[in-house]
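Each remark here refers to the structure printed beneath this line.
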Amino acid sequence: MQSIVAKGKDINEAIELGLKLLGTEKEKVSIEIIQTETKGFLGIGAKPAIVKLTKLEAAEAQQAPDKNDVIEQAVSEINMEEVAVLSDFLPEREHEGEHQIDTKEPDALVGKAWVKNGALFCKTSPTHFPTVTIGEGVKLYRNHELVKEKTTIVTENDVYEIKVENEKKDTKWKVWMDEKKLKVFLYVEPGYKITRKLPDIEPSQHIELVVEEYKEVYNTLSYADVMQKLESLQVAHQFIRQEQIVKALEAKEPGTYEIAAGISAKDGKNGWIELNVDLQSHNGPIANEDGKVDYREIRTIPSVDRGQVIATIHPPVPGQPGVTVTNEPIPPEQAYPVVLQAGRGIMEVDGKIVATESGRPQVKQKGRLVKVSVMPKLTHPGNVDLSSGNIRFTGDVEIFGEVEKNMVVEAKGDIIVHQTVNMASLIASGAIVSYGNIISSEISAGKHNMLVAELGNLLGIIQQNMEKMIGVIRQLLQSPAFKSNDFSRGGLQPLIRILLEKKFQSFPPFVKKYVEMVRNGESDLEDDGWKEIADSLTKLFLSLTNEVISLEWMIQLSQKMKELHKASVSPSEPDSYISIPSALNSRIYCGGDVFVTGKGGCINTKIHAGGALKINGVVRGGEVYGGLGAEINETGSERGISTVIAVPRDQKIRINKAMEGTVLKIGNAKYTLKETRHYVSARLDQDDRIVFE
């Protein structure tokens with residue numbers, strides 16, 4: 001043992017006992033007198049002398065003892081044989097500020113501390129001092145000084161006082177109004193009072209002073225306080241919700257209450273047009289009453305006669321004003337009339353849109369602007385050959401003969417061909433319907449859609465790179481190395497050139513391709529901003545202009561690109577589709593659906609359908625794509641000729657019979673069939689792998 005507490009009749013006897021137990025001499029220990037002896041009166045109240053002896057070498061090492069070491073030492077000194085179960089034998093306090101111990105108490109109290117009626121008592125032993133841990137909400141004072149240690153040793157020579165901390169919190173509340181002055185809210189957080197009490201603790205060598213808590217919630221918010229606040233906010237009485245105020249006054253938990261509400265304005269309705277004729281085109285073959293499909297009746301083109309009412313113009317409906325909680329009127333959003341742009345064959349009469357020519361009605365709406373025109377129709381009774389020449393017509397074209405080698409038929413509307421198309425070109429802004437086979441030809445329906453779709457895809461890539469470049473420039477401009485440069489005066493062009501060379505090498509080719517496509521297809525594009533963006537991109541990335549380029553200008557350009565890309569996702573002419581009986585060695589593009597209705601199907605043909613692809617016959621060789629999925633009767637061949645069926649990653653491929661050599665492409669995933677399969681239904685799983693249902 002490095003130190004020991006010894007007790008004797010007087011100081012000398014206690015020291016001698018301690019030296020004997022330590023096995024050392026008086027010169028080699030430090031002596032601390034803990035308690036001097038007291039004789040008392042007739043032996044009553046007598047106290048022994050208590051000293052603590054510590055070897056000098058140990059004392060030097062223990063100048064700053066660890067509190068845990070003190071507790072561990074106290075635990076190691078417990079004599080388990082002396083532990084007994086105690087009953088209520090606690091003494092009464094005889095004098096204020098002193099702990100008088102009844103000499104008749106059992107020896108089981110020696111070396112222990114306890115709590116009785118909120119007071120701390122203790123009794124030391126020659127070999128052990130009781131310890132106390134001070135819990136939350138408790139303050140222990142020794143000789144009128146606060147004990148700061150979490151765990152401390154207590155002795156009989158000191159006077160102890162225990163104080164428990166009660167807690168009180170007042171009710172908090174606030175009232176506020178929203179920015180539009182439509183609602184007033186009340187937040188209330190009830191107050192509370194926490195009363196703490198230290199319970200009695202049985203004698204033990206180590207005790208913890210832990211209090212018991214009693215919490216009482218009270219809400220002191222008054223009705224008068226709330227009404228006074230509402231009055232200061234000038235809230236009109238008719239908008240106050242009394243029942244919500246009552247709930248807040250009775251609340252026991254924190255909460256927010258809507259104590260006043262105005263009336264929101266009801267917006268009106270912009271003017272609109274009501275169609276009086278059916279403009280919908282049937283996207284493919286129609287079943288008759290018997291459920292059979294007549295592929296000769298592909299589509300009935302909507303048409304109007306001269307003088308027929310196409311649509312009715314309805315004026316805007318005004319909205320209803322609202323009122324704030326302070327009784328101020330809230331005007332509704334203004335409703336606007338439609339703006340009619342009358343095209344060919346159209347006249348407005350007393351709010352009616354009337355056809356002045358016979359033909360196919362065409363209605364396009366963009367915002368409040370409505371464009372209405374009547375598409376004329378050209379009927380060609382014979383073949384399209386050298387004697388007739390190529391046909392280019394601003395309207396619909398119907399050809400009752402064939403379209404022969406190297407001939408071109410181009411229409412701003414629909415094209416209908418009743419016989420074969422052989423080594424020719426059909427180009428329509430609307431739909432293409434052929435009752436004859438397509439042989440070694442190129443046909444394109446919805447050319448505007450095709451061009452817009454390709455440009456939109458490119459623009460999306462360019463806009464993403466632009467946003468990334470803007471982010472890099474912003475970061476660079478914050479660094480000290482760049483703050484010294486005056487980019488506001490000289491522009492960002494030098495920095496952009498460095499970024500294109502070091503960080504965005506793959507960017508310029510996309511820009512160059514976009515600009516070239518806009519220039520080549522300018523006549524087929526509406527004035528939606530494609531050319532404006534092409535000119536801006538040329539100035540920014542493809543030229544050596546001296547014009548100052550600012551970061552704000554780049555941000556505005558990026559926003560325009562984002563809006564135009566978003567608008568290009570949806571086809572501008574969703575009625576465009578292609579319906580043919582079969583195709584051989586041909587190239588077919590459509591912005592909408594593609595239907596191959598005959599059993600002959602497609603041989604060595606490339607098809608791109610922006611919508612759904614449905615082929616009732618076979619697909620042997622070539623590649624077909626369906627933007628909204630593909631449904632095919634049979635693919636591949638017994639000789640294993642490569643036949644590719646492709647769809648986007650979120651679509652499915654369905655094939656009744658898929659033979660060896662069929663390649664399935666869904667998104668970026670690819671799967672080649674090594675054997676014939678029936679009733680194939682393929683899609684991507686969560687890991688972008690092709691799975692079969």
Side-chain angles (χ1 to χ4, degrees), residues 284-285 294-299 378-393 396-411 414-447 450 576-610 613-626 630 632-639 641-646 661:
D294 185 355
Y295 291 106
R296 294 172 296 178
E297 297 294 336
I298 298 297
R299 184 192 194 200
L378 172 65
T379 300
H380 186 75
N383 294 343
V384 178
D385 51 21
L386 291 176
S387 61
S388 67
N390 296 329
I391 295 177
R392 291 182 172 88
F393 186 67
D396 298 331
V397 176
E398 185 170 9
I399 300 168
F400 285 89
E402 298 180 355
V403 181
E404 297 184 1
K405 182 178 180 180
N406 296 329
M407 302 308 295
V408 176
V409 178
E410 186 173 353
D414 297 343
I415 297 176
I416 297 178
V417 181
H418 287 264
Q419 296 186 34
T420 304
V421 179
N422 184 17
M423 301 179 69
S425 295
L426 304 181
I427 304 170
S429 297
I432 295 178
V433 176
S434 177
Y435 298 114
N437 296 328
I438 309 297
I439 302 171
S440 300
S441 298
E442 291 193 10
I443 62 176
S444 173
K447 180 181 179 181
M450 175 177 64
S576 64
Y577 72 91
I578 292 176
S579 179
I580 58 176
S582 66
L584 172 66
N585 297 329
S586 297
R587 293 170 58 86
I588 299 169
Y589 178 90
C590 182
D593 300 337
V594 173
F595 305 95
V596 182
T597 59
K599 294 183 179 179
C602 301
I603 309 297
N604 295 328
T605 293
K606 184 174 183 178
I607 298 178
H608 180 101
L613 173 64
K614 296 183 180 180
I615 301 176
N616 292 334
V618 300
V619 177
R620 303 201 195 284
E623 180 175 348
V624 297
Y625 172 89
I632 305 171
N633 183 49
E634 183 178 324
T635 62
S637 68
E638 294 180 353
R639 292 180 294 172
I641 297 175
S642 176
T643 304
V644 180
I645 316 297

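One is the number of the first residue; the rest follow in order along the sequence.
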Walk me through whether Y589 and V594 qualify under side chain to side chain contact (heavy atoms under 4.5 Å, CB included). CA-CA 8 Å; Y589 178 90; V594 173; over 6 Å; no

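- Residue L386 holds its CG atom at 7.5 Å from CD of E404, rounded to the nearest 0.5 Å.
- Pairing each heavy atom of R392 with each of V408, the nearest pair is NH2-CG1, 4.0 Å.
- Distance CD/E442 to CG/L426: 10.5 Å, rounded to 0.5 Å.
- Annotation: the span from N383 atom CG to I399 atom CD1 amounts to 9.5 Å, rounded to 0.5 Å.
- Rounding to the nearest 0.5 Å places CG of D414 at 7.5 Å from OH of Y577.
- Minimum interatomic distance between P381 and T379 (heavy atoms only, all atoms of both residues): CD-O, 3.8 Å.
- For V397 against A411, the heavy-atom pair with the smallest separation is CG2-CB, 3.8 Å.
- Among the candidates V596, I615, V618, the single residue satisfying the side chain to side chain contact (heavy atoms under 4.5 Å, CB included) test with I632 is I615.
- Taking all atoms of both residues into account, the shortest heavy-atom contact from A445 to G430 is CB-O, 3.5 Å.
- To the nearest 0.5 Å, atom SG of residue C590 and atom CD1 of residue I580 are 10.5 Å apart.
- Y625 pairs by the ring pair (Phe, Tyr, Trp, His ring centres under 6.0 Å) definition with H608, not counting sequence neighbours.
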Are I588 and T605 close enough, and set up right, to give a side chain to side chain contact (heavy atoms under 4.5 Å, CB included), and what steps lead you there? CA-CA 8 Å; I588 299 169; T605 293; 4.2 Å; yes

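- Within the 4.5 Å cutoff, the side chain of N633 has no heavy atoms near those of the N616 side chain.
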Compile the donor-acceptor pairs under 3.5 Å between side chains in residues 415-424 and protein atoms, sequence neighbours left out, one pair per line.
unit_1 : atom_1 : unit_2 : atom_2 : d
H418   : NE2    : E398   : OE2    : 2.8
Q419   : NE2    : F400   : O      : 3.2

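- Between S579 and T597, the closest side-chain pair of non-hydrogen atoms falls below 4.5 Å.
- The structure places CD1 of I432 at 9.5 Å from OG of S576, a figure rounded to the nearest 0.5 Å.
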